[in-house]
Number of protein chains: 2
Amino acid sequence: MKNTGDRRRTIYDVAKAAGVSISTASNALNGTGRTNAETRERVRRVAEEIGFRPNALARGLLSKRSHAIGMLTNDTYGRLTLPMAAGVSEVLVDHGVSVFLCATNNDPRLAQLHLEALLDRQVDGIIFTATRLDLTPPVQLSRLPIPVVYVFAEGPADSVTFFPDDEQGARLAVDHLKELGRSRILHITGPRDYLAARIRAQSYLDACGDGAEAMFGDWSEEWGHEAVQTVFARPGAKPDAIFCGSDEIARGVIDALRDLDVEIPTDVAVVGFDNWEVVARQTRPPLTTIDMELKELGHRAGLAILSLSKGEPAPAGITRLPCRLVVRQSCGSPLQSD
Amino acid sequence: MKNTGDRRRTIYDVAKAAGVSISTASNALNGTGRTNAETRERVRRVAEEIGFRPNALARGLLSKRSHAIGMLTNDTYGRLTLPMAAGVSEVLVDHGVSVFLCATNNDPRLAQLHLEALLDRQVDGIIFTATRLDLTPPVQLSRLPIPVVYVFAEGPADSVTFFPDDEQGARLAVDHLKELGRSRILHITGPRDYLAARIRAQSYLDACGDGAEAMFGDWSEEWGHEAVQTVFARPGAKPDAIFCGSDEIARGVIDALRDLDVEIPTDVAVVGFDNWEVVARQTRPPLTTIDMELKELGHRAGLAILSLSKGEPAPAGITRLPCRLVVRQSCGSPLQSD
DNA sequence: GATCCATGATAAAAGCTTTTAGCAGAAAAA
DNA sequence: TTTTTCTGCTAAAAGCTTTTATCATGGATC
């Protein structure tokens, strides 16, 4: 006979059914105050029986902590956001914290609207993520009464910020190629005005030294195709490996190489960046690439906002999380494939 | 001097600053009860000045409507979910409704946890979406005290459900090919145990009649590649058009055709399904395909849950939303490209 | 001058939970 | 026996808003 009525059960119902006062019921359920073990058990059993669940609104109203956070994103596409959001939500659900998802579509009016709604809902914190598209928040987030964590986006100085470690990721790729005996490594990447592209390129240049060449373009498959055509059309030594700034670029590169009858990985080894499975798994051969550990990024951001919302500390400034090398078949590795 | 203190302003602050009672302040702000026009203006001005925003928790506690809904998804990848969620959120934010995003990762325990959290938060409704992967909800949603709307997933009989109109979408593709003079149309699609694949295939068979052939496989690029090789290796007439069950399959098909030196669209026209831009835009030539209008699906689901939560009606049973043909260059259409 | 009505305001309750302060009774200490 | 200390429980307040019922005032009506 659990909760057949239409009305939700309140702690008042529990108290009445257990024959105690409301405060005793509350104390028994939360293990606060002083309660007799036997009473405590009885109250809990009764609560279970009638299907009592505390009203989060009332709880939040009193405690001034809503146990909810907001996630503000301008990524309409979802390739980076949703895995991250899943990570955030995954780590927070066990702490009883839920996540409001707010897609701003890069519209400042919408962003402002969402932000106000979040504040009205007394969220305990906000995670702002910009997916590299534009690095400046579309709304004023600095002077908020609640903590803000930035992912893939830079906040004001010393704000808690998470990025993948692009420098280490690029090094991972280059080192892998070098270990396999490749020496003439080319880098084809996205636009120069992307910070991530610049960092990866610099890391590559540092690791490869003389003769290294970074070609900037855009994040498309087409650009990868075009770049390869250019390089193979001009005179001089050809690369024996290509490190690409994204899996999409890598896909274009692989296609262009096949058009030129260049063998992969025999003649040229290819490494991508993103481990976007739907691309990396489908290239022929499957693509060795760098994974940015988006879910882990989400975990860390979630834990950080949780700490901050409790007044506990979180790593100030920019934290860069290590990337991971995923070996498939585009480099001819003797290692087992993914 | 707006809200410099650390404490949020309450309606009590407004009342005091305006020299009226709390109830008058509330009435003035909400336009309820009887208030003198002049008083009303003054209260509103004061509220604006001190930066008062009503506490959504207190409001929800009283009205029993939290003005928040939950979105339960098992789609970890986000390709279908996020555009939809953006649609939901977009249409609801203007009604002051926020969206909790809950990614269940296909884990029943997680789903249960999220569901309980949502109920505790007194959400006004739940949108369940399953992205075609498995059609049965991972938790018991039927006997809930709040309305549920299903998208891409089938609920109990007569529950409010939205799907793209796969039948009409497939017909759109076939008609387009026929109009361009193609007569030997082949269909390459995903697994037969996907309802969507079966519907699209049936629609195609109905439209093409004798000689039509639907090849079931899986949703991968690889399968598209393989199917084309099979068809072009066997004796007999070759197709002059291929309608693919997904853009990924279409991509494999296009690659395989190029490997066989078959000209697209001169020799064979290709149509995809999904309008997944990152694939459809990047094929060579760019892919003509069917768009499922995910955002619109989100809009409709959002409006439906809004109606239901207010006790108003919503379209019972399965509603199928029309798909849209996106013409690019893979069919040699004289129409302008997208 | 007494009664009625409309207006504009207000006090108080309700919504549900947690926390603080306090009370009654029993056991322990003086 | 009287005082102190625990123990187990409870009443009431607080958190913020909306709504209901009530009240005071001034003008209109008889």
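Reminder, nothing fancy here: chain letters follow the sequence lines and each chain counts from 1.
Residues of residues 52-64 of chain A that place a heavy atom closer than 4.0 Å to DNA chain D, in numerical order, are A:Ala58, A:Leu61, A:Leu62, A:Lys64. Within residues 28-36 of chain B, the residues that have a heavy atom under 4.0 Å from DNA chain C are, in order of number, B:Arg34, B:Thr35, B:Asn36. Of the residues in residues 11-24 of chain B, B:Val20, B:Ser21, B:Ser23, B:Thr24 come within less than 4.0 Å of DNA chain C through at least one heavy atom, sorted by number.
Scored by the side chain to side chain contact (heavy atoms under 4.5 Å, CB included) test, B:Glu90 finds A:Asn105, B:Lys295, B:His299 as partners (sequence neighbours excluded). The salt bridge (Lys or Arg N to Asp or Glu O under 4.0 Å) test applied to A:Arg45 returns no partner, not counting sequence neighbours.
Rounded to whole angstrom, the span from the CD atom of A:Glu38 across to the C1' atom of D:dT7 amounts to 15 Å.
Pairs of residues two or more places apart, or lying in two chains, that qualify as salt bridge (Lys or Arg N to Asp or Glu O under 4.0 Å) and include a residue from residues 50-64 of chain B are A:Glu116-B:Arg53, A:Asp120-B:Arg53. Residue pairs that meet the salt bridge (Lys or Arg N to Asp or Glu O under 4.0 Å) test with at least one member in residues 11-37 of chain B, sequence neighbours left out, are B:Arg7-B:Asp13. Sequence neighbours left out, not one pair with a member in residues 14-50 of chain B passes ring pair (Phe, Tyr, Trp, His ring centres under 6.0 Å). For residues 301-317 of chain B, no pair satisfies salt bridge (Lys or Arg N to Asp or Glu O under 4.0 Å), with sequence neighbours left out.
Taken over five-pair windows at either terminus, the axes of the helix from C:dG1-D:dC30 to C:dA30-D:dT1 are inclined to one another by 70° (rounded to 10 degrees).
Here the CD1 atom belonging to B:Ile126 is positioned 12.0 Å from the CE atom belonging to B:Met71, to the nearest 0.5 angstrom. Here the OG1 atom belonging to A:Thr39 is positioned 11.5 Å from the CZ atom belonging to A:Arg44, to the nearest 0.5 angstrom.
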Would you mind writing out the side-chain donor-acceptor pairs for residues 313-322 of chain A within the sub-3.5 Å range, not counting sequence neighbours?
| from | atom 1 | to | atom 2 | distance (Å) |
| --- | --- | --- | --- | --- |
| A:Arg320 | NH1 | A:Pro164 | O | 3.0 |

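Of all nucleotides in DNA chain C, those with any atom nearer than 4.0 Å to a heavy atom of chain B start and finish, going 5' to 3', at C:dT7 to C:dC16.
Counting heavy atoms from C-beta on, the side chains of A:Tyr150 and A:Leu141 come closer than 4.5 Å. Residues B:Leu72 and B:Leu118 form a side-chain contact, since some pair of their non-hydrogen atoms from C-beta on lies under 4.5 Å apart. Contact check for B:Leu144 versus B:Leu115: side-chain heavy atoms found under the 4.5 Å cut-off. Counting heavy atoms from C-beta on, the side chains of A:Phe52 and A:Val46 never come closer than 4.5 Å.
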- Query: Run the side chain to side chain donor-acceptor pair (under 3.5 Å) check on B:Thr32 and B:Asn27 step by step: do they pass?
  - Reply: CA-CA 5 Å; B:Thr32 54; B:Asn27 280 330; 2.7 Å; yes
Evaluate the side chain to side chain donor-acceptor pair (under 3.5 Å) criterion for residues A:Ser21 and A:Thr24: first the C-alpha distance (whole Å), next the side-chain angles of each, then the deciding distance (0.1 Å), finally the verdict. CA-CA 5 Å; A:Ser21 76; A:Thr24 302; 3.1 Å; yes
